[in-house]
Amino acid sequence: MDGITYQCLGLLQLKTTILAVKFNGGVIIGSDSRASMGESYVSSKTINKLIQVHDRIFCCIAGSLADAQAVTKMAKFQLSFHSIQMESPPLVKAAASIMRELCYNNKEELQAGFITAGWDRKKGPQIYVVSLGGMLLSQPFTIGGSGSTYIYGYVDAKFKPDMSLEEAIQFSTNALALAMGRDNVSGGVVHLVVITEAEVKHVVVPGNKLPKFHDE
């Protein structure tokens with residue numbers, strides 16, 4: 001990547017809405033699809049913010065697109081190498097720890113945060129939050145990005161442990177749709193990735209299929 005391209009990507013901000021939620025047997029990670037420059041110019045309506053770093057491990061990205069791409073690219077390389085060394089798929093916590101280390105070691109330069117979620121044979125479905133400064137937290141569900149400020153009340157009220165897959169998809173879709181309806185830099189379509197022991201499934205909900213609420 002040349003310097004001009006990197007500078008252009010650095011201007012792209014994923015001021016966004018991202019989330020992850022555990023359900024009975026798996027985990028869902030999701031986001032909107034809008035990228036912007038500053039607060040007013042929408043540069044893309046169709047960007048996919050869910051990055052696969054290994055077979056059953058994904059990251060949601062928020063912040064500077066260039067920073068996020070650089071970190072996830074390095075994490076994918078390290079996880080691949082780790083998997084070859086261990087002769088087994090990496091743990092979700094190992095992936096989150098690599099992300100944490102990369103963020104912490106470069107905390108003065110980076111402007112990106114991550115949600116890491118996936119499934120492994122040791123602990124099943126897991127969700128980890130990696131903050132800008134490199135803090136690592138394990139949670140049953142989490143939200144992030146500029147749109148998250150609009151939906152804390154909704155997710156706190158509606159989340160429940162051991163949801164079914166259908167309940168978790170509806171929970172995620174509703175939360176993202178609510179944020180996209182209120183946050184001017186979140187929008188586009190809803191991307192969801194469902195991760196279980198059996199499969200990884202990508203679900204796209206177009207804007208005209210999103211749930212409507214009383215004020216829209």
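Side chains are part of it too, since the values below use all heavy atoms of this structure and drop only hydrogens, waters and symmetry mates.
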**Asked** Mind checking what makes side chain to side chain contact (heavy atoms under 4.5 Å, CB included) contact with Pro206, not counting sequence neighbours?
**Response** Asn208, Lys209
**Request:** Give a yes or no on whether a salt bridge exists between Arg121 and Glu197, defined as a side-chain N under 4.0 angstrom from a carboxylate O.
**Result:** yes
**Prompt:** Got a donor-acceptor contact below 3.5 angstrom from the Arg34 side chain to the Thr16 backbone?
**Reply:** no
**Message:** Could you walk me through whether Asp32 and Thr17 satisfy the side-chain hydrogen bond (donor to acceptor under 3.5 Å, both in side chains) test, starting with their C-alpha distance in whole Å, then the side-chain angles of each, then the deciding distance to 0.1 Å, before giving a yes or no?
**Reply:** CA-CA 6 Å; Asp32 71 314; Thr17 307; 4.9 Å; no
Between side-chain atoms of residues 79-105 and protein atoms elsewhere (two or more places apart, or another chain), which donor-acceptor pairs fall under 3.5 Å?
residue : atom : partner : partner atom : Å
Ser83   : OG   : Ser88   : O            : 3.1
Ser97   : OG   : Lys93   : O            : 2.8
Asn105  : ND2  : Glu101  : O            : 3.3

**Message:** Among residues at least two apart in sequence or on other chains, which ones pass side chain to side chain contact (heavy atoms under 4.5 Å, CB included) with Asn106?
**Reply:** Glu109, Leu110
**Asked** How many angstroms lie between atom NE2 of His191 and atom CG of Asn48, to the nearest 0.5 angstrom?
**Response** 4.5 Å
**Prompt:** Residues in salt bridge (Lys or Arg N to Asp or Glu O under 4.0 Å) with Lys160, at least two apart?
**Reply:** Glu167
**Fill in**
Apart from Trp119 itself, members of its ILVMFWY cluster (side-chain separation under 4.5 Å) are Ile18, Val27, Ile29, Leu50, Phe58, Ile115, Ile127, Val193, Ile195, Val200
**Item:** Which residues share a ring-ring contact (aromatic ring centres under 6.0 Å, His included) with Phe114, sequence neighbours left out
**Value:** none
**Item:** Transitive ILVMFWY side-chain link Phe141 to Leu178, under 4.5 Å
**Value:** yes
**Message:** Does Val155 form a side chain to side chain contact (heavy atoms under 4.5 Å, CB included) with Val21? I'd like the steps, not just the answer.
**Reply:** CA-CA 10 Å; Val155 297; Val21 58; over 6 Å; no
**Asked** Between Val203 and Ile143, is there a shared hydrophobic cluster once you connect ILVMFWY residues whose side-chain heavy atoms come closer than 4.5 Å?
**Response** yes
